[in-house]
Number of protein chains: 2
Amino acid sequence: MLHKEHLGMAIPRRRPQAKTDISAIERICVEKGMRMTEQRRVIAQVLSDSTDHPDVEQVYRRASELDSRISIATVYRTLRLFDEANVIDRLEFGDGRARYEVSDDSSPHHHLIDMKTGRVLEFENDELDKIKNDIADKLGYELVGHRVELYGMPKTGNDDT
Amino acid sequence: MLHKEHLGMAIPRRRPQAKTDISAIERICVEKGMRMTEQRRVIAQVLSDSTDHPDVEQVYRRASELDSRISIATVYRTLRLFDEANVIDRLEFGDGRARYEVSDDSSPHHHLIDMKTGRVLEFENDELDKIKNDIADKLGYELVGHRVELYGMPKTGNDDT
DNA sequence: CTAACTGCAAAGCGTTTGCGATGAG
DNA sequence: CTCATCGCAAACGCTTTGCAGTTAG
């Protein structure tokens, strides 16, 4: 999993956020006229409790621990639903399966994938965000989405799990 | 939430590159002790002639036109081979299938996907490349790969070339 | 009560692979 | 000749979906 980072630079770790997310998700479900089933509540719980970037299988396993009545089909359906409602973000790190994280518009970030351990680090960089927008603008586009992923090998001296 | 639908026909928008690519690919094949079969030659030809970012199906179709004896399994195998030999780059724009382009170390670039037409624009940005490296470095990593994709909607007044 | 939702199992889709046949070196 | 490579079709891994039963509102 993701532990505290050792480098004190501008490396915002993921906020150990409170259950506000769950109610946020529930609120949006209600707003969109969706039914708040036990399964959705559990999956929302799992997502907001996760500090990593779980794939479907992982969400399924974590949800099953809380409530064994959940099927993986429902996990797939629910994750897609939440993604479309912009409550969570679907990530793809190139290994074929999707990963998810709770959306957080207030602190947009990107990912660096540790090619040795598979760990995923998050980082923010305002300059990068600015350049992205400038480029899109210069090309005549309004930026509606983006994907910035860095893949790196830990430098020697970098203690890793 | 990045779901693109019609990325089907990306319009050519790549700098015209010389056929030197073919010999470059052949050279590398030989260097690595691989056999230069007719199939590989044809696929290399297709790739270096492509100015867009064809997916496997498209490479298969274009190759078939040049030589009908090619099977899609060979296209998959060859593309993977070329990718591993770093002759071509595998791209993923989020629609589930892989796309390919001939590598060009001399002018690293990124992609902006037109969400309206599916067209893929390429752009270079040294500052962006520098920031990427700085971030990886600061996090304790050596950058071994990256993926920067922008998704944009054409601004009004954008002359769709 | 009834439309939305779920579980299950089957299907879908892009990609990979086992195997016997083929051909490059 | 011999082994890398090929074509074919079956298998694979992740994801979606049709259907009949369940449940939130």
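Below, each value reflects all heavy atoms present in this structure, side chains not excepted, and no hydrogens, waters or symmetry copies. Letters A, B, ... mirror the listed sequences (proteins, then strands); counts begin at 1.
Remark: P of C/dT15 and CG of B/Leu81 are 16 Å apart, rounded to the nearest angstrom. As rounded to whole Å, 13 Å separates atom P of C/dC5 from atom NZ of A/Lys32. Atom CD in B/Gln58 sits about 14 Å away from atom C1' in C/dG14, given to the nearest Å. Note: CD (A/Gln39) to P (C/dC8) measures 11 Å, nearest angstrom. One can place CZ of A/Arg97 at 15 Å from P of D/dT16, the figure rounded to the nearest angstrom. Rounded to whole Å, atom P of D/dT15 lies 8 Å from atom CD of A/Glu92. A/Asp83 has its CG atom 10 Å from the P atom of D/dT16, to the nearest Å. Between the CD atom of A/Glu57 and the P atom of D/dG13 there is a distance of 12 Å, given to the nearest Å.
Ring geometry for B/His110 versus B/Phe123: interplanar angle of 30 to 60°, hence tilted.
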Pick out the pairs of N or O atoms, protein on one side and nucleotides 22-25 of chain D on the other, that lie under 3.5 Å.
unit_1 : atom_1 : unit_2  : atom_2 : d
D/dA24 : N3     : A/Arg35 : NH1    : 3.2
D/dG25 : OP1    : A/Met36 : N      : 3.3

Contacts under 3.5 Å, N or O only, protein and nucleotides 16-19 of chain C:
unit_1 : atom_1 : unit_2  : atom_2 : d
C/dT17 : OP2    : B/Arg80 : NH2    : 3.4
C/dG18 : O6     : B/Arg77 : NH1    : 3.3

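Between A/Arg62 and the choices A/Asp52, A/Asp67, A/Asp49, the salt bridge (charged side-chain N to carboxylate O under 4.0 Å, His left out) rule is met once, by A/Asp52.
Classification of B/Asp129 and B/Lys132 as a salt-bridged pair holds, one side-chain N sitting under 4.0 Å from a carboxylate O.
No donor-acceptor pair under 3.5 Å is formed between the side chain of B/Arg90 and the backbone N or O of B/Arg80. A distance-only check finds a donor-acceptor pair linking the side chain of A/Ser48 to the backbone of A/Gln45 [under 3.5 Å]. Proximity of a side-chain donor or acceptor of B/Arg40 to a complementary backbone N or O of B/Arg35 within less than 3.5 Å is detected.
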Working for salt bridge (charged side-chain N to carboxylate O under 4.0 Å, His left out), residues A/Arg61 and A/Glu65: CA-CA 6 Å; A/Arg61 256 181 281 132; A/Glu65 277 170 31; over 6 Å; no
For side-chain contact (heavy atoms from CB on, under 4.5 Å), just list the numbers for B/Leu47 and B/Val59, CA-CA rounded to whole Å, side-chain angles, deciding distance to a tenth of an Å, and then say yes or no. CA-CA 7 Å; B/Leu47 290 169; B/Val59 173; 4.2 Å; yes
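Phosphate contact (OP1/OP2 of D/dA4, side-chain N/O of B/Arg40, threshold under 4.0 Å): absent.
Defined by atom type and a distance below 3.5 Å, a donor-acceptor pair is present between the side-chain atoms of A/Glu101 and A/His53.
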